[in-house]
Amino acid sequence: MTSVLPGGLAGRTAEWFRAQARDLPWRRAGTTPWGVLVSEFMLQQTPVARVEPVWLRWMEEWPTPSALAAASRADVLRAWGKLGYPRRAMRLHAAAEAIAADHGDRVPSDVAVLESLPGIGSYTARAVAAFGYGLRAPVVDTNVRRVVARAVHGAGDAGPARTRADLADVDALLPPEDAEAAVVSAALMELGAVVCTARAPRCPLCPVESDCAWVAAGRPEYTGPRRPVQGFAGTDRQVRGKLLDVLRAADAPVDKPLLDAVWADGPQRDRCLDSLLVDGLAEQTPDGRFVLGGTAPHAGH
DNA sequence: TATCCGTGGAA
DNA sequence: TTTCCAAGGAT
């Protein structure tokens with residue numbers, strides 16, 4: 001396809017990226033594949049601005065998988081802070097343990113091996129291969145799906161995920177050589193994050209506006225099915241967040257009445273607390289109080 | 001495949 | 001104020 005030539009969509013997006021990519025900490029020279037992996041976990045559904053300071057502190061404290069593996073769950077969850085979805089922190093911890101124990105403390109570069117690790121799915125595995133190791137691996141995230149939907153297919157937005165087809169679409173855009181393909185992958189994501197945004201895309205700033213199928217079609221509005229917007233107020237997610245917030249802030253085991261104070265609905269509150277125990281995000285001490293995570297220095301696997 | 005899993009900033 | 005949504009993954 002001509003789109004992989006330097007003048008094509010991929011080539012000009014890469015050129016634009018090299019000229020003005022954001023200076024993000026995990027993109028700086030010297031970042032290890034482990035650093036990339038940590039950033040990808042944190043960036044799953046959490047904006048860049050909130051990840052930056054946490055990533056910097058995290059890498060200072062735990063510069064290798066084995067360093068993180070040696071930390072306690074409570075320390076890991078506290079360092080995760082309020083990035084949200086704290087189960088990601090536990091999965092990162094578990095992935096670090098597996099990497100330390102089974103992979104010589106070296107982050108795997110093979111996509112299939114990466115996907116076998118806790119918390120690493122199709123996106124994160126390919127992001128680590130591409131950004132951590134400079135390999136040719138189609139990276140499909142929400143940004144890339146939107147860019148492809150518009151620039152290639154002329155649609156206003158990406159519809160529901162079509163995993164195989166999405167992967168094939170992006171694969172067709174990548175040049176054959178590893179290093180250049182990795183740059184294109186980063187560039188497509190950056191374009192979606194900065195220019196080809198979900199609402200109010202900045203087409204005048206776009207390096208490929210002249211051959212964007214969506215622009216050519218007159219920027220038609222997206223008419224397909226919308227992913228339902230998740231509510232938050234009143235959900236178990238909110239209640240779990242409030243409970244966890246108390247446990248994170250405490251430096252000693254917490255009595256139940258203190259947790260009871262965060263939510264009026266008793267049955268929902270108890271159900272949520274129980275789910276935190278099941279998830280390993282909280283633990284009950286022998287005397288019936290509650291603490292963050294587990295007390296064991298290592299979360300077993 | 002649809003739903004669940006946190007949090008907070010911006011429009 | 002409400003709504004949207006931000007580099008997903010597991011079940």
Side-chain angles (χ1 to χ4, degrees), chain A residues 17 21-22 24-27 31 35-55 77 80-92 94-95 114-132 137-147 157-164 166-167 170 182 185-194 196-201 222 225-248 262-263 268 271-272 275-276 278-282:
Chain A
F17 178 78
R22 290 170 295 175
L24 304 178
W26 45 88
R27 284 179 178 167
T31 300
V36 171
L37 178 60
V38 171
S39 77
E40 295 302 340
F41 264 85
M42 292 181 173
L43 288 163
Q44 292 168 0
Q45 300 285 280
T46 300
V48 165
R50 283 167 48 203
V51 166
E52 284 193 16
V54 179
W55 184 88
L77 288 169
W80 191 260
K82 307 197 79 171
L83 288 181
Y85 293 142
R87 293 193 300 185
R88 288 182 295 164
M90 310 209 54
R91 290 173 185 150
L92 176 54
L114 284 162
E115 282 184 323
S116 74
L117 296 172
I120 299 187
S122 174
Y123 163 76
T124 302
R126 288 171 175 79
V128 169
F131 311 143
V139 175
V140 180
D141 76 328
T142 182
N143 291 306
V144 174
R145 287 188 357 95
R146 184 171 56 251
V147 168
D157 206 340
R162 307 134 49 231
T163 312
R164 299 292 305 186
D166 290 339
L167 222 45
V170 176
S185 290
L188 290 172
M189 288 182 58
E190 185 83 347
L191 190 66
V194 175
C196 194
T197 51
R199 26 172 215 213
Y222 176 75
R226 286 278 176 196
R227 126 176 305 189
V229 181
Q230 291 186 354
F232 181 65
T235 63
D236 285 4
R237 255 169 32 259
Q238 181 180 25
V239 179
R240 285 164 54 104
K242 284 179 176 292
L243 292 169
L244 218 48
D245 203 32
V246 172
L247 297 178
R248 258 197 311 264
V262 307
W263 198 253
Q268 183 181 23
R271 180 178 72 238
C272 288
S275 75
L276 290 176
V278 169
D279 288 349
L281 290 165

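In what follows, every heavy atom counts, from backbone to side chain, and hydrogens, waters and symmetry copies are set aside. Chain letters run A, B, ... following the sequence lines, proteins first, then strands; residues in each count from 1.
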Pick base, sugar-phosphate or nothing for R271(A), based on heavy-atom distances below 4.0 Å to the nucleic acid.
nothing

For R87(A) and D279(A), work out which heavy atoms get closest and say how close.
CD-OD2, 3.6 Å

Contact nearer the 5' end of DNA chain C, comparing I120(A) with M189(A)
M189(A)

Heavy atoms only, 4.0 Å cut-off, all strands: where does Q238(A) land among base, sugar-phosphate and nothing?
nothing

Tell me whether the OP1 or OP2 atom of dG6(B) has a side-chain N or O from K82(A) closer than 4.0 Å.
no

Can you tell me, in whole Å, how much space there is between the P of dG9(C) and that of dG8(B)?
23 Å

Integer-rounded Å distance: dA6(C) P and E52(A) CD:
17 Å

Would you kindly check whether a donor in the side chain of R227(A) faces an acceptor in the base of dA6(C), or vice versa, at under 3.5 angstrom?
no

Of dC4(C), dT7(B), dC5(B), the nucleotide closest to the side chain of R199(A) is dC4(C)

Touch check for R145(A), heavy atoms < 4.0 angstrom, all strands: base, sugar-phosphate only, or nothing?
nothing

Less than 3.5 Å apart, any donor N or O on the side chain of E40(A) or Y123(A) sitting next to an acceptor on the other?
yes

Remember a base hit wins even if backbone is also touched, and classify R226(A) as base, sugar-phosphate or nothing at under 4.0 Å, heavy atoms.
nothing

In whole angstroms, the gap separating P of dA6(C) from CG of D141(A) amounts to 10 Å

Can you check the distance between dT3(C) and dG6(B), where both ends of the measurement are the P atom (answer in whole Å)?
22 Å

Calculate the interatomic distance between R126(A) atom CZ and dA7(C) atom P; express it in whole Å.
19 Å

Salt-bridge criterion met for R27(A) and E190(A) (N-O under 4.0 Å)
yes

Taking 4.0 Å as the cut-off, does a side-chain nitrogen or oxygen of Q45(A) come that near to OP1 or OP2 on dG8(C)?
yes

Distance, rounded to the nearest Å, where L191(A) contributes CG and dA6(C) contributes C1':
17 Å

Rounding to a whole Å, what distance do you find between W26(A):CH2 and dA7(C):P?
12 Å

Let me know the distance between CZ of R88(A) and P of dG9(C), rounded to the nearest Å.
11 Å

With DNA chain B as reference, determine whether P160(A) or F232(A) sits nearer its 5' end, using the nearest nucleotide of each.
P160(A)

Nearest-nucleotide check on DNA chain B, T163(A) vs G84(A); residue mapping nearer the 5' end is T163(A)

With a 4.0 Å cut-off on heavy atoms, is L83(A) in touch with a base, just the backbone sugar-phosphate, or nothing at all?
base

Side chain to side chain, Q230(A) and T235(A), heavy atoms closer than 4.5 Å
no

Considering only side-chain heavy atoms of Q230(A), which listed nucleotide, dC5(B), dA6(C), dA7(C), is closest?
dC5(B)

note: R87(A), atom CZ; dC4(B), atom C1'; distance rounded to Å ~ 7 Å

Do R126(A) and S185(A) have side-chain N/O donor and acceptor atoms under 3.5 Å apart?
no

Nearest 0.5 Å, please: how far is CH2 in W26(A) from CE in M42(A)?
9.0 Å

With a 4.0 Å cut-off, would you call D245(A) and K242(A) a salt bridge?
no

Taking only side-chain nitrogens and oxygens of T124(A), does any of them come within less than 4.0 Å of OP1 or OP2 of dG9(C)?
yes

Select base, sugar-phosphate, or nothing to describe what T235(A) touches, counting heavy atoms under 4.0 Å on all strands.
nothing

Across the strands shown, which category fits R240(A) at heavy-atom distances under 4.0 angstrom: base, sugar-phosphate, nothing?
sugar-phosphate

Contact class for L24(A) vs. all strands (heavy atom < 4.0 Å): base, sugar-phosphate, or nothing?
base

Whole-Å P distance, dC5(B) and dA7(C):
22 Å

R237(A) side chain: which of dC5(C), dG6(B), dG8(C) is closest?
dG6(B)

Ignoring hydrogens and geometry beyond distance, is the side chain of T142(A) in donor-acceptor contact with the base of dG8(C) at under 3.5 Å?
no

Report the distance from atom CZ of R164(A) to atom P of dT1(B), rounded to the nearest whole Å.
13 Å

Scan D279(A) against the nucleic acid and name what it touches under 4.0 Å (heavy atoms): base, sugar-phosphate only, or nothing.
nothing

Under 4.0 Å, heavy atoms only, any strand: does A198(A) hit a base, just the sugar-phosphate, or nothing?
sugar-phosphate

Toward the 5' end of DNA chain C, by each residue's nearest nucleotide, V229(A) or R91(A)
V229(A)

Heavy atoms from C-beta onward define the side chain here; which of dG9(C), dT7(B), dA7(C) lies closest to that of V48(A)?
dA7(C)

